[in-house]
**Student:** 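Before I ask anything, here is the structure I am working with.
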Amino acid sequence: MVNQDEKILSLNNLSMSYGGDPVLKWIDLDVYPGQIIGYIGPNGAGKSTTVKIMLGLLDGYNGTVEVFGQDIANGDPSYKRKIGYVPENAEIYDNLTACEYLTFTGEMYGMDADEAERKALLLLDKFEMRGVFHTKISSFSKGMRQKVLIISSLLHDPDLLFLDEPLSGLDANSVMIIKEILAQLAAEGKTIFYSSHIMEVVEKISSRIVLLADGKIVADGTFAELQAKNEEGTLEEIFNQLTGFNEHREIAESFVSIVREGGS
Amino acid sequence: MKNFFSLRMLDYFRRLFAMLGVDYPVMRRILQVKLTMDQRRVPTIFEQSKTKEGNQFIKSLGLYAFYGLILIPFIVFGDYYLFQMSLVFSMMMFILMTTMIADFSAVLLDVRDKNILNTKPVNQRTVSMAKVVHVCIYMTQVTGAFAVVPLLVGLFVNGVLFTVIFLIEILLTGMLIVVLTALIYIFILRFFDGERLKDVINYVQILLSVGIVAGYQVLVRVFDFSGLNIEFTFQWWHLLLPPIWYSAPFEWILNGNPAGYIVAYSILSVVVPIVAIIIYSRFVPSFEQNLQKLLQYSGDNKRRAHRVDRFFAKIVCKSKEERTFYRFSALMMKQEREFKLKVYPSLGFAFVFPFIFLFNEISRNGFGGLPGSKYFLTIYFGNIMIPAVVHMLKFSSNYKGAWIFRATPMRDESIFYRAALKAFLTKLYLPLMLVLSVFFLSMFSFRIVPDLLVILVTGVLHALLSYKLLNNQTYPFSRSFEFASDMDTAKNIILMIIVGLFGGIHYLATLLPYGVLGYLVLVIIAAMISWKLVFSIKEKKAQAGQS
């Protein structure tokens with residue numbers, strides 16, 4: 001188990017721009033072991049950018065980013081050994097079989113090939129995918145791909161997980177399994193950084209919610225704390241309120257009326 | 001996963017890689033995965049079996065070996081090495097550069113690697129090196145296949161020393177090409193970003209592959225053929241022609257010609273690739289950074305008018321549905337980069353080739369003889385590209401969007417095929433031929449108008465034949481470019497011969513009085529009938545379970 005007081009992740013004054021307007025504006029965030037952070041925000045708020053910076057995929061930011069106490073700007077990629085990542089757009093070498101892909105990524109994280117293969121098969125078996133272990137990923141359904149990605153992010157027993165819409169394409173039963181897995185991993189002291197647009201899930205699984213809007217953190221706390229501050233019921237409603245959005249009904253009405261134009 | 005031969009060879013250099021700060025086992029593993037993926041060019045959607053060893057790549061190597069035979073005459077022909085080997089190396093550079101650009105740009109510019117590999121505890125240098133080595137392995141195989149027969153012939157005819165020099169020079173050429181291509185990308189990536197960048201790369205790729213053909217012509221002209229002697233008079237700008245660099249060592253060592261410029265060339269042939277590699281290694285980090293630009297979207301949001309498309313659609317299509325698909329096809333051809341990349345170079349060649357053959361004639365007999373002659377028939381070389389382009393109509397990088405063909409409530413399927421072929425003929429073929437015609441008319445006088453019409457109509461006929469043979473009712477833009485190389489070579493050769501056939505008959509027709517006009521009537525009727533035959537109405541079948 002990891003020391004509970006140790007910062008797993010620390011962003012200090014982080015800002016980033018792609019040439020034009022800043023995407024992130026002086027973000028400060030400390031994350032401790034065992035937290036499940038629901039990282040939410042409207043499209044284009046800078047969620048993916050933050051995650052990419054922490055994974056070392058983006059350079060050129062200002063401020064400091066420390067992961068496991070190590071400043072990631074020092075050029076040593078070894079901090080990634082204890083990180084798992086499920087990318088948002090499900091990028092995967094789909095010409096490979098599930099076995100080949102999982103073994104490969106496991107080895108990239110420094111695992112032994114046989115060990116990675118053994119573990120991958122056991123994990124796939126839990127999703128009832130043993131039968132497609134040697135089938136190419138390109139023939140998989142969206143849900144099956146997603147399960148492969150989730151396994152690939154967990155195979156090496158990471159301490160920090162970045163999940164970007166990890167439940168997309170999964171059926172209701174699989175969603176229940178994954179939610180339970182995340183809860184148990186957090187109980188073991190793992191830290192999970194969970195970004196999603198599905199507020200119901202975020203509300204249920206997160207121990208802490210961070211809302212990003214327009215490159216700034218506009219809310220940070222447990223769901224109960226957010227509720228207390230904002231006098232609104234669900235996370236979805238809080239989200240709408242904090243991002244200043246309240247005309248969904250009007251937009252929907254006019255949308256439907258355009259659809260119906262010229263119709264019978 | 002296979003333990004590839006190339007990787008086992010690589011193992012001998014593991015020390016070297018370790019010295020360069022590369023994590024060798026990791027790099028080897030990445031390469032193994034990449035090579036495995038290269039081998040699998042089988043549509044997995046239809047194949048539930050585990051793995052089917054695609055021998056497509058081996059087949060293509062066979063084709064390169066076949067091309068290599070072209071070099072043999074230049075090797076055995078004599079000992080004027082400066083000339084012969086310049087030609088050999090220019091052909092080699094052409095083949096290498098075009099394969100590099102066409103097949104391997106995707107590897108150099110792959111952004112998927114970033115998310116998959118760079119999130120792992122692997123240092124950037126290892127990932128970059130894996131990329132370079134991956135390209136090198138591929139290039140070595142292609143070069144090897146291309147050069148193996150010429151090397152053996154050289155060994156028997158010109159001796160061991162020749163072969164040793166040849167081998168070294170081939171290696172240097174390969175290095176130069178790989179690094180040069182990479183440097184060009186680095187250069188472009190520095191100055192452009194987002195969507196514009198992709199367009200620029202696209203056009204550079206197209207220009208490069210056409211430019212190399214034009215470069216050939218310059219090279220041959222450097223030598224002066226007077227009688228049986230081939231003269232070479234040194235001028236400073238000849239130093240800019242890499243193929244001559246690589247021919248110089250043969251002249252120096254085998255013919256014992258220590259002239260200053262020969263030595264200078266020889267030095268260049270060694271120094272330039274090495275300098276290029278050093279420059280490249282300096283720029284790699286910024287290259288990887290700039291690659292990120294490929295992921296950014298900065299598309300402008302302007303309405304594009306497409307008036308020309310609408311105009312043509314009205315003329316060439318009867319029904320409203322067909323017009324819709326015509327405009328769709330025209331848009332795909334105009335806006336899809338990968339399609340352009342595969343097709344526009346062929347168009348470029350189609351434009352350049354007629355002139356190349358024409359200039360050979362002009363350089364022999366001057367312009368004076370042209371107007372009365374039949375050399376305008378060289379324009380048929382422009383038609384050679386038709387099968388290749390028609391073949392490409394099946395492919396798209398967004399092939400998955402082709403479900404739309406099945407989902408539309410249209411009964412007559414032939415509309416899709418017809419519209420795509422019409423779009424090709426009017427948007428790509430016709431403009432090309434018009435430009436060529438303007439040049440040819442200015443050189444040959446208006447006398448050749450009927451002939452040009454004949455050529456145009458045979459182009460349509462040829463497109464129809466190619467369509468029937470190659471595409472036969474595959475939805476346009478419905479397959480992945482991965483399979484674009486599975487072109488049936490036999491059919492392709494037949495279609496090439498057909499161009500010659502059309503040209504031959506045309507030539508015979510010019511010998512008869514009113515022959516060309518008669519031939520014109522004939523080909524028009526033939527085109528009309530075959531159009532009807534090829535695109536007879538076809539009811540959409542219920543195609544369950546296919547994607």
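A quick note: this is a predicted structure, and the numbers were derived from the prediction, not measured. Reckoned from all heavy atoms, side chains included, excluding hydrogens, waters and symmetry mates.
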**Student:** Flag the pair Thr119(B) / Met108(A) as yes when at least one side-chain heavy-atom distance between them is below 4.5 Å, and no otherwise.
**Tutor:** no
**Student:** Can you tell me if CZ on Arg15(B) sees more than 12 non-hydrogen neighbours from other groups inside 6.0 Å?
**Tutor:** no
**Student:** Between Tyr93(A) and chain B, which part of the residue has a heavy atom less than 4.5 Å away: side chain, backbone, both or neither?
**Tutor:** both
**Student:** Do other residues, nucleotides or ligands put more than 12 heavy atoms under 6.0 Å from Arg327(B) CZ?
**Tutor:** yes
**Student:** Would you mind checking which part of Ser152(A) comes under 4.5 Å of any heavy atom in chain B, side chain (CB onward), backbone (N, CA, C, O), both or neither?
**Tutor:** neither
**Student:** Within the structure provided, determine whether Met37(B) and Leu96(A) are in side-chain contact (heavy-atom separation under 4.5 Å).
**Tutor:** yes
**Student:** Under 4.5 Å heavy-atom distance to chain A, tell me which part of Ile30(B) shows up: side chain, backbone, both or neither.
**Tutor:** both
**Student:** Measuring from atom CG of Asn118(B) to atom NZ of Lys52(A), what distance do you get when rounded to the nearest 0.5 angstrom?
**Tutor:** 12.0 Å
**Student:** If you count heavy-atom pairs within less than 4.5 Å of chain B, which of Pro87(A), Gly110(A), Pro77(A), Ser78(A) leads?
**Tutor:** Pro77(A)
**Student:** Let me confirm one number: the CD1-CG distance from Ile92(A) to Asn115(B), rounded to the nearest 0.5 Å.
**Tutor:** 12.0 Å
**Student:** Picking from Leu117(B), Ile116(B), Asn123(B), which has the most non-hydrogen pairs under 4.5 angstrom with chain A?
**Tutor:** Ile116(B)
**Student:** Less than 4.5 Å to any heavy atom of chain B: does that hold for the side chain of Ile83(A), its backbone, both, or neither?
**Tutor:** neither
**Student:** Let me confirm one number: the OH-OG1 distance from Tyr101(A) to Thr36(B), rounded to the nearest 0.5 Å.
**Tutor:** 14.5 Å
